[in-house]
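Here the structure comes first, spelled out in structure tokens, and everything after it is commentary.
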Amino acid sequence: MTNPLLSHWDTPFEIAPFDQISDEDFASALDQALAAHNAQIDAIASNPDAPTFDNVIGALETPCQALEQVLSVFYTVAGADSNPKRQELQRAFSPKLAAHSSAITANKALYARIKAVWDQRDELDLTEEQQRVLMLTHRSFVRGGAALEGAEDARMQEIKGRLAILGTEFTQNLLADESNWFMELSEEDLEGLPDFAIAAARAAGKEKGVDGPVVTTSRSIITPFLQFSPRRDLREKAFQAWAARGANGGKTDNREIAAEILALREERAKLLGYENFAAYKLETEMAKTPEAVRGLLMDVWGPAKARADADAVILTEMMQADGINGDLEPWDWRYYSEKRRKIEHDLDEAELKPYLQLDKMIEAAFSCANRLFGLEFEPLDIPLYHPDCRAWEVTRNGEHMAVFIGDYFARGSKRSGAWCSAMRGQAKFPEKQAPVVINVCNFAKGDPALLSYDDARTLFHEFGHALHQMLSDVTYESISGTSVARDFVELPSQLYEHWLEVPEVLSEFATHAETGEPMPKEMLDKVLGAATYDMGFQTVEYVASALVDLAFHDGAAPADPMARQAEVLAEIGMPHAITMRHATPHFAHVFSGDGYSSGYYSYMWSEVMDADAFAAFEEAGGAFDPERAKALEENILSTGGSKDPAELYTAFRGRLPGVEALLKGRGLAAE
Ligand SMILES: [Zn+2]
């Protein structure tokens with residue numbers, strides 16, 4: 001019998017035939033698909049003809065149908081509907097896939113042909129997009145170490161292997177410290193905590209095998225404790241343990257690991273010809289240089305610190321009114337800030353929820369896409385991997401654009417969080433291929449299903465990523481949709497969140513589940529006001545972490561990262577009562593792997609852009625200004641990674657982004 005993962009999918013829009021695929025099909029399908037892809041790579045590398053764009057780059061861009069089919073189905077179900085068998089497959093697949101891709105980068109014959117095409121690029125009469133794909137392919141091989149020979153090549157392999165081990169150790173030490181520490185609470189110690197926090201503390205106690213409730217260092221448990229517990233002594237004890245994760249001495253201490261990681265990263269960057277690791281890392285980003293990143297962070301730092309300092313004065317007064325003298329400490333901030341929030345922006349989630357029905361919010365996201373880009377959505381009845389999934393055909397002027405799948409409800413088999421992925425990316429080479437895009441969320445089920453305001457924002461966020469895939473209009477799949485720089489990829493998603501806040505959108509779609517009444521203006525104002533509350537604190541703890549991350553990688557690696565961290569914080573004048581969101585010994589973004597090393601800034605970078613980009617609509621006459629919508633699609637949503645992101649943004653906005661709109665949005669602009 002043929003494996004349904006490998007056969008041609010004769011289904012509507014060639015969607016995977018989920019009803020015919022069983023878990024037993026994956027392992028052998030992956031082996032066959034990898035063999036097919038290896039044969040394809042070998043044929044390109046050993047082609048006796050002179051290297052040309054078509055027989056090297058074009059051939060690499062030709063998708064290996066078998067591998068694409070297996071991986072798109074497997075990743076979809078492994079993330080959104082896992083089971084023990086799928087988890088076991090995942091553990092077996094990840095080292096196989098990692099080995100497969102490093103073997104491609106290490107293929108010297110293949111690299112020689114890529115380099116030959118690269119060296120003759122000026123004589124090849126390539127389209128702009130072909131030049132870009134050639135540059136990206138060549139660059140990624142060089143960055144992977146393909147051009148290194150002999151001892152340098154061997155050292156690079158050694159460094160990569162050691163870094164992988166250190167990253168895993170860092171993560172495991174952190175997990176060990178997090179699961180080892182907990183603080184038992186008596187019934188009296190629960191005073192002041194809201195029901196949800198008490199329930200979480202009791203559940204955590206059960207998990208730890210103790211009788212009563214406990215506080216752990218899990219963010220979802222310790223943060224509410226610090227916010228609501230009036231017991232300053234307990235808050236201090238819990239905070240100190242939280243802050244010490246990864247720095248408790250002994251076997252689980254991460255400080256020396258961090259130093260070794262930084263030294264190896266510097267060595268790796270230098271082997272590849274870069275001045276330091278930040279220069280290597282930022283080359284592929286929109287920011288491009290450490291100076292650009294520091295400039296942006298410091299533009300935000302000043303106003304954020306000023307706001308935090310002013311807030312600290314108010315919170316200290318509140319603390320003194322409680323009869324406590326002395327300085328406001330890091331374990332006091334959240335507690336007094338929560339008290340102040342109640343006074344200034346009391347918003348009852350329970351009153352808000354009936355206005356945010358899931359189906360209405362989906363309709364709102366579709367309606368905005370219709371008004372901005374002319375997209376239409378028609379429900380599709382096709383078998384998918386879980387009965388909760390829904391699908392729509394997306395068209396424009398009668399033309400098929402994409403299939404959109406929404407899998408919105410939480411369940412035990414789904415990993416946490418929310419994400420967007422393309423089960424098939426848009427491309428025109430070697431033939432036209434329309435995207436199949438999925439949004440996965442973790443909303444609570446209900447009849448009708450109701451969302452929190454954060455949930456509704458998540459829905460719009462993920463739909464923004466989906467638009468980036470569905471409106472993509474490039475030739476090669478490797479640069480289509482969301483295949484863009486890390487500090488650019490959140491622009492379409494974060495930007496789309498702004499349409500949820502447009503008053504006419506909320507008044508049309510945020511209607512009460514029982515009465516059908518639109519959300520009262522007073523409630524709407526409260527929702528929007530609460531969104532910018534305590535932004536001084538939040539911005540300071542984030543920017544401080546981003547600046548330390550950058551300092552670690554820009555220049556010589558520090559022998560003592562803790563000393564370097566202290567130096568950076570002293571230089572910027574870190575407020576006494578605020579700590580870094582992630583201090584070095586538990587800064588997993590930076591040390592568990594390479595994803596966010598000298599890249600932690602990118603969240604703020606994207607936020608600067610989305611605020612600035614939405615301001616372009618407001619300046620032009622409104623959220624649905626047709627000229628701006630057209631410019632957004634032409635320059636950002638349809639272009640994928642076909643051009644440099646700074647060039648794309650400038651084409652849309654007429655200039656690079658500035659921080660003014662972000663400061664205004666976060667309530668940090670000078671009055
Ligand atoms: Zn996102």
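Predicted model only: the values in this text are computed from it and were never measured. Just follow the structure's listing: the first ligand is 1, and inside any ligand the first atom is 1.
- Contact annotation: Cys420 places no N, O or S atom under 2.8 Å from the Zn ion (ligand 1).
- Annotation: Lys428, atom NZ; neighbour count of heavy atoms from other residues, nucleotides and ligands within 6.0 Å is above 12.
- Contact annotation: Glu490 places an N, O or S atom under 2.8 Å from the Zn ion (ligand 1).
- Remark: Met361 CE to Phe443 CZ distance equals 11.0 Å, nearest 0.5 Å.
- Tyr355 meets the side-chain hydrogen bond (donor to acceptor under 3.5 Å, both in side chains) test with no other residue; sequence neighbours excluded.
- Taking the centre of each ring, Phe614 and Trp499 come in below the 6.0 Å mark.
- Take the Zn ion (ligand 1) as the corner point: the lines to NE2 of His465 and to NE2 of His461 open at 100°, to the nearest 10 degrees.
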